[in-house]
Protein chains: 2
Amino acid sequence: MGQDMSGTSLDFSARLRAAGLRPTRQRVALARVLFEAGHRHVTAESLHAEVKATRIPVSLATVYNTLNQFRDAGLLREVVVAPGRSYFDTNTGHHHHFYVEPDGELHDFPSDKVTVAGLPPPPKGTRLNRVDVIVRVKR
Amino acid sequence: MGQDMSGTSLDFSARLRAAGLRPTRQRVALARVLFEAGHRHVTAESLHAEVKATRIPVSLATVYNTLNQFRDAGLLREVVVAPGRSYFDTNTGHHHHFYVEPDGELHDFPSDKVTVAGLPPPPKGTRLNRVDVIVRVKR
DNA sequence: AAGTTGTTTAGAACAGTTCTAAAAACTGCA
DNA sequence: TGCAGTTTTTAGAACTGTTCTAAACAACTT
C-alpha cells in the first residue's frame with residue numbers, strides 16, 4: 001500500500017515530469033502552492049513563507065532553484081518591475097502588468113485589447129523577444 | 001582670485017542649485033560626466049568607474065547617494081529592466097527602451113511614434129503614474 | 001574667521017540571490 | 001525489494017548591489 005496519493009499530487013508529478021523535472025516532494029509542494037489556485041505573483045520569500053505552512057520542509061535555496069527551473073521550463077514567467085526583487089508570475093500567456101507603487105503589488109491585465117503600435121525596428125543584429133508594458137500607478 | 005572656474009562647472013553649479021542641491025565637488029564632477037555629452041545610461045558601478053578617470057575623488061557611496069538625489073530631483077530617470085541592477089537614464093523625457101539580452105545593453109527610442117491603446121483603467125484607488133514599454137530583444 | 005549645516009567617506013551592515021559540498025531522495029534495474 | 005547511479009536538497013558560506021553609520025570634511029552665512 002503506497003502513501004495517500006489522493007488529491008492532485010499525481011497531476012503535478014505528471015506535469016513536472018512532462019517539463020523534464022523529477023517530481024520531488026519539494027517541487028510538488030511548490031507546484032501545488034503555485035498552480036492549484038488561480039494565477040499568482042510570488043517572490044522567493046513569499047513563496048517560501050507559504051510553503052512552510054504546508055509542513056513540507058523546503059529550504060529557501062530550493063525555492064530559488066525551483067523558481068528558476070520552473071521559469072526555464074516555461075511554467076513561470078519572471079517579471080522585473082522593481083529594483084532588488086524578482087517576481088514570478090504563474091500566468092505565462094500574453095499579458096501585461098499594473099505595478100502599484102510603493103506597495104509593490106502587481107496585477108495582470110490581458111493584452112488582447114492592448115495594442116502597441118509604431119515601435120521602431122529592433123537594433124541591428126537583434127531580434128524581438130518580447131514587449132513588456134508596465135503601467136505604474138500610485139495610490 | 002578664485003580657482004579656475006572656466007569650462008562648464010558654473011553651468012552645472014547653477015543647475016544643481018536650481019535643483020536644490022549644493023554644488024559640491026563630487027556632485028559637479030558627476031553631473032559633468034552624466035550631462036556634458038548626449039544622453040546616457042549608467043549604473044552606479046559604471047559611473048563610479050568613469051568619474052575615477054577625472055581624478056576627482058568620489059566614493060561609491062556618494063555615487064549611489066547622488067544618483068538617488070538626481071533621480072528625486074528629476075535630473076535622472078531610473079530604469080528597471082533586469083533583476084539586481086538599476087540603470088539611470090539622463091533622458092528624462094517621454095521615451096521607451098530596447099533591452100538587449102543577455103548583454104544588458106539599453107537603448108532609448110522616442111515615444112512620439114508609439115501608441116499604446118486599449119489599456120484598462122487603473123485599479124481602484126490608484127492613479128496612473130507612467131507607462132513603461134520595454135522591448136526585449138535577443139542577439 | 002567661526003559657526004552652522006549639509007556632504008562625503010570608509011567600512012559595516014543589509015537584502016536578495018547564488019554557490020558549495022555533503023546528506024538525502026528519486027529512478028531504473030536486478 | 002534492494003542496490004547502484006544520478007539528481008536534488010540542504011545549511012551555511014559567499015557574493016552582488018545597495019544603504020546605513022558616525023566621524024571627518026566642505027560649503028554657505030555671519
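Please read all numbers here as calculations on a predicted model, not as lab measurements. Per chain, numbering begins at 1; letters A, B, ... match sequence-line order.
Atom CG of A/Asn68 and atom C1' of D/dT8 are 15 Å apart (whole Å). Nucleotide C/dT7 holds its P atom 16 Å from the CG atom of B/Leu67, rounded to whole Å. In this structure, the CG atom of B/Leu16 is 14 Å from the C1' atom of C/dG6, given to the nearest Å. Computed from coordinates, the B/Leu21 CG to D/dA26 C1' distance equals 16 Å when rounded to whole Å. Nucleotide D/dT8 holds its C1' atom 13 Å from the CZ atom of A/Phe70, rounded to whole Å. Rounding to whole angstrom units, OH of residue B/Tyr87 and C1' of D/dG17 are separated by 13 Å.
For B/Asp72, the salt bridge (Lys or Arg N to Asp or Glu O under 4.0 Å) test picks out no residue, with sequence neighbours left out. Annotation: side chain to side chain contact (heavy atoms under 4.5 Å, CB included) contacts of A/Val80 (sequence neighbours excluded): B/Val80, B/Pro83, B/Arg136. In this view, A/His48 satisfies the ring pair (Phe, Tyr, Trp, His ring centres under 6.0 Å) rule with no residue, not counting sequence neighbours. Partners of B/Arg130 under the salt bridge (Lys or Arg N to Asp or Glu O under 4.0 Å) rule, at least two apart in sequence or in another chain, are B/Asp132. Looking at residues two or more places apart in sequence or on another chain, you find a salt bridge (Lys or Arg N to Asp or Glu O under 4.0 Å) between A/Glu78 and A/Arg71. Under the ring pair (Phe, Tyr, Trp, His ring centres under 6.0 Å) criterion, A/His107 pairs with no residue, sequence neighbours left out. Residues that satisfy the ring pair (Phe, Tyr, Trp, His ring centres under 6.0 Å) test with B/Phe88, not counting sequence neighbours, are absent from this structure. Scanning for ring pair (Phe, Tyr, Trp, His ring centres under 6.0 Å) contacts around B/His95 gives B/His97, with sequence neighbours left out.
Between B/Gly20 and A/Phe88, the residue anchored nearer the 5' end of DNA chain C, judged by the nucleotide with its closest heavy atom, is B/Gly20.
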Close N or O pairs between protein and nucleotides 14-16 of chain D (under 3.5 Å):
none

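For the contact set between residues 50-66 of chain A and DNA chain D, defined by any heavy atom under 4.0 Å, the members are A/Pro57, A/Val58, A/Ser59, A/Ala61, A/Thr62, A/Asn65.
Looking at heavy-atom distances under 4.0 Å, A/Ser86 makes contact with sugar-phosphate atoms alone, never a base.
Checked options A/Asp108, A/Asn91, A/Val33, A/Asp89; the residue passing with A/Arg40 is A/Val33 (criterion: side-chain contact (heavy atoms from CB on, under 4.5 Å)).
The two residues A/Ser13 and A/Val28 have their closest heavy-atom pair at OG-CG2, 4.0 Å.
Using a 4.5 Å cut-off between side-chain heavy atoms of Ile, Leu, Val, Met, Phe, Trp and Tyr, B/Val79 falls into a hydrophobic cluster with A/Val79, A/Val81, A/Tyr87, A/Tyr99, A/Leu106, A/Ile134, B/Val81, B/Tyr87, B/Tyr99, B/Leu106, B/Ile134.
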- [ ] Treat primed atoms plus P, OP1 and OP2 as sugar-phosphate and everything else as base, then score nucleotides 24-30 of chain C 5' to 3': B for base contact with protein heavy atoms under 4.0 Å, S for sugar-phosphate contact only, - for none.
- [x] --BS---

